[in-house]
Number of protein chains: 2
Amino acid sequence: MKDVAKDANVSVATVSNYINGKKVRPEVEEQVRQSIEKLHYVRNAAARALKTSESKYVVFVLPTVWSPFFSELTFWVQQYLNDMGYKLILSVSENNYSKEKSYVKMAEEQRVAGIISISYSDLNSHVPANIPLVSIEKDDTGMFPLVTSNNYDGGKIAASEFHKRGVTSAIYAGTLHEEFSPMIARKSGFIDQCNNLGIHYSILDVPSSKNTEDFHKFLNQLSESVKDKEADFGKLGIFAYSDEVAIHIKEKLDEEKIKVPEQVQIIGFDGSKIYPNTKLTVSSIRQDVQQIANKATEILDKQIKGNSEREASRIMVPVNFQQGLTTTSI
Amino acid sequence: MKDVAKDANVSVATVSNYINGKKVRPEVEEQVRQSIEKLHYVRNAAARALKTSESKYVVFVLPTVWSPFFSELTFWVQQYLNDMGYKLILSVSENNYSKEKSYVKMAEEQRVAGIISISYSDLNSHVPANIPLVSIEKDDTGMFPLVTSNNYDGGKIAASEFHKRGVTSAIYAGTLHEEFSPMIARKSGFIDQCNNLGIHYSILDVPSSKNTEDFHKFLNQLSESVKDKEADFGKLGIFAYSDEVAIHIKEKLDEEKIKVPEQVQIIGFDGSKIYPNTKLTVSSIRQDVQQIANKATEILDKQIKGNSEREASRIMVPVNFQQGLTTTSI
DNA sequence: CTGAAAGCGCTAACAC
DNA sequence: GTGTTAGCGCTTTCAG
C-alpha cells in the first residue's frame with residue numbers, strides 16, 4: 001500500500017480511502033487505480049482485521065457433511081453467509097467433543113465474527129457469552145438463539161400419515177440412550193398422536209449406526225418384531241428417527257422379502273434429497289433445511305451487527321410430510 | 001498479552017516465547033500460565049498472521065457440496081486439512097465464474113496458505129503462480145499439480161463390465177457441449193473398449209440437469225432409443241457420465257416399465273455413498289474419494305512447506321467397479 | 001534466558 | 001479531500 005501511494009504520488013490514507021470507497025478526487029482515483037493495477041496490489045486482510053478488530057469469518061461446527069441432510073444444510077448456510085459477505089470455516093466435529101472444543105478455541109484465536117453450531121454435547125457452555133453464536137437443533141444453555149425444526153409436530157404428522165393409510169400398529173425406532181431434546185420431541189409427538197388416533201405402538205432402541213454389529217442385531221430384532229406384529233395386528237408402520245435409519249430398515253425388509261409399503265410402511269425423518277432434483281426413496285418428515293439455514297444466518301448476522309440484545313430466541317421451523325416410496329398412496 | 005506480561009511481571013517477549021513453546025524458566029512458566037488463565041487470554045491470530053505473514057487457511061473451491069460425491073470429498077478434504085493443522089474455507093461456486101473469481105480474490109486478500117480447486121472453467125489461470133494450489137479433476141494450465149481419477153480407465157471398465165454381463169449394445173449418456181477433459185476421457189475409454197469388445201454403441205447428449213425441460217426431453221429421447229435398440233439388438237447397457245444422471249435414467253425407465261437390470265443395465269460414475277455405510281443404488285465406477293483428498297491435501301502441504309518445486313505433477317487415482325442394483329449379478 | 005524496541009500493513013483521528 | 005501519525009497485538013532481532 002505504501003508502494004501504491006508512492007507510485008500514485010499520494011498518501012497511504014488516500015489509497016486506503018479509495019479502497020474503502022470513500023470520496024476521492026476523480027483524477028486521483030484514476031491514478032490510484034492504475035498504480036494498484038500496475039503493482040498487483042491486494043490489501044492485506046490480516047492487517048485490516050488487526051486494526052479494526054473485525055472479522056468476516058464464521059465458524060460452522062457440525063457433526064459431518066457426509067449425509068444428505070448436512071450437505072444440504074451446509075450448502076444453504078454457505079450460500080447465505082456468502083451473500084452476506086461472510087466466509088465459512090467448515091469445522092466437522094464427528095461428534096467428537098475434543099474436536100468441538102478445539103474449533104471453539106480456534107474461533108476465539110481468530111476473533112471470528114460468529115459461530116453456528118450443531119452439537120449434541122454441551123459445547124455451547126464452553127463458548128464465551130461475548131461471541132455471537134446461534135445453535136441449530138439444540139441449545140441447552142438457554143443463552144444462545146436456537147433454530148430448530150418442529151420435531152414434536154413432525155412426530156405427530158408421522159402418526160397421522162400412518163393413520164390416513166390404515167396403519168393400526170406402529171413401531172418407533174429411535175435412540176433411547178443419548179436422548180437429547182430433538183429426538184425426545186420426535187418420539188413424544190409420535191406417541192401422543194398414536195394415542196390420540198388409537199394406534200398401538202411399541203418402541204425399539206436404535207444403536208449408533210456406526211457400530212455394525214449392534215446395528216445388525218437391531219435390524220434382526222426389528223424384522224422379528226415385524227413378523228410378530230403382522231400376525232397380531234393390522235397394518236404396520238415404522239417411524240424412524242432419521243432417514244438414514246429408515247433406509248437401512250427398508251433394505252433389511254427387502255432382504256427379508258417383506259414388501260414395503262404393501263405389508264409394512266416406513267416414514268423417516270429429514271427428507272433431504274441427495275441431489276437438489278431427485279426423488280425421495282423413503283417417505284419422510286422433511287425438515288425445511290433452507291429455512292433453517294436462512295433463519296440461523298439471519299439471526300447470527302443481527303447478533304454480529306449488535307442489533308439484537310441476545311434474547312436467546314427459540315425459532316421453530318415447520319416440517320411437512322413428503323411422500324416417498326415407503327408409504328402407500330392415498 | 002501486554003496485560004498478561006504485566007500480571008506475570010515479565011516482558012511480552014517472554015509471554016510470546018512461552019506461548020510458542022520456547023524455553024522459559026519453570027517458575028516463570030508457571031506464573032505466566034496462571035496469568036493467562038486468570039485473564040482468559042487467547043492470542044490474536046490476526047496479529048500473528050500480520051507479523052509472520054503466515055496463514056493456516058486453505059480455500060476449497062468446488063461447484064457444490066450438495067451431492068454424494070462432493071459431500072464425501074469435502075468430508076475427507078476437511079479431515080485431512082484439519083489433521084495437518086489447516087482451516088478450511090468452504091467456497092461453493094455453483095460453477096459460477098464470477099463467484100470463483102471472487103473466491104480467488106478473497107484468498108489473495110487473506111494471504112491464505114493455499115487453494116484446492118475443482119473448477120470446470122479456466123479459474124486456475126487467474127491464480128497467481130506464487131500461491132500454492134492443487135486442482136482436482138482438471139487443470140488445463142499445466143502450471144499446477146493435478147489430482148484426478150483415471151477417467152479413461154473408468155470408461156473402459158464400464159464397457160468391460162457390460163461385456164461380462166452379456167451386453168452387446170450400449171448408449172453413452174454424457175455432455176457433448178461443455179466438453180472438458182475428465183468427461184472426454186470417460187467417453188473415450190468407454191468407446192475404445194466397446195470397440196475392442198465388439199459392443200455396438202451410440203452417444204446421447206445430456207443437458208445440464210438443472211434445466212428441467214431439456215432434461216425431460218433427453219430422458220424421453222433416451223427411452224425411445226432404448227425401445228428401438230431392444231428390438232434391434234441384444235442386451236442393452238447405458239453408461240452415464242455421473243451417478244446423478246444414472247439415477248434419473250433409472251427413475252425414467254422405472255416409469256416406463258422397463259425393467260432394470262433385466263432388460264437394460266445401467267452404470268454410472270462416481271459411486272459415492274449417500275451415507276458412509278449405505279449400499280449403492282446404481283452400479284457405478286467408483287472414484288476413490290478418500291485417496292483423492294489424501295493426495296490433494298498432501299501435495300498442497302508440500303507445496304506450502306516449499307519442499308516441492310512446483311513440478312505440476314499429475315496424479316492419477318485408480319477407479320473400480322461397484323455393483324449396485326442396476327447391473328445383473330455374475 | 002529475558003527485556004526493549006522495531007515494525008508487519010492497515011485504519012482512523014486529526015490537522016491542514 | 002488529503003497528508004501525517006499513532007497504534008492494533010504480535011514476533012523477532014539484538015543486547016544484556
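Keep in mind the model is a prediction, meaning the values are calculated, not measured. Chain A is the first sequence line, chain B the second, and so forth, proteins listed ahead of strands; every chain is numbered from 1.
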Do Tyr97(B) and His126(B) have ring centroids that are under 6.0 Å from one another? yes
Remember a base hit wins even if backbone is also touched, and classify Thr14(A) as base, sugar-phosphate or nothing at under 4.0 Å, heavy atoms. sugar-phosphate
Using five pairs at each end of the helix from dC1(C)-dG16(D) to dC16(C)-dG1(D) to define an axis, what is the angle between those two axes, to 10°? 30°
Distance, rounded to the nearest Å, where Gln31(B) contributes CD and dC1(C) contributes P: 18 Å
Parallel, tilted or perpendicular: which describes the rings of Phe180(B) and Tyr120(B), with under 30° parallel and over 60° perpendicular? parallel
Between Glu30(B) and Arg33(B), is there a salt bridge with N-O shorter than 4.0 Å? yes
Would you find more than 12 non-hydrogen atoms of other residues, nucleotides or ligands less than 6.0 Å from Glu27(B) atom CD? yes
Just by modelled atom types, is the Ala293(B) backbone N or O under 3.5 Å from a matching donor or acceptor in the Thr297(B) side chain? yes
Given protein heavy atoms under 4.0 Å, the one-letter contact record of nucleotides 8-16 of chain C, with B base, S sugar-phosphate only and - none, is simply BBBBB----
Protein-nucleotide distance (Lys6(A), atom NZ; dT4(D), atom P), rounded to Å: 12 Å
Show the nearest heavy-atom pair for residues Thr64(B) and Phe70(B), with the distance to one decimal. O-CB, 3.1 Å
Starting from C1' on dG9(D), measure out to CD on Glu108(A) and report it in whole angstrom. 17 Å
Among pairs that include at least one residue of residues 124-137 of chain B, which meet salt bridge (charged side-chain N to carboxylate O under 4.0 Å, His left out), considering only residues two or more places apart or in two chains? Glu137(B)-Arg186(B)
Can you name the nearest heavy-atom pair linking Pro132(B) to Ala113(B), along with the distance? CG-O, 3.2 Å
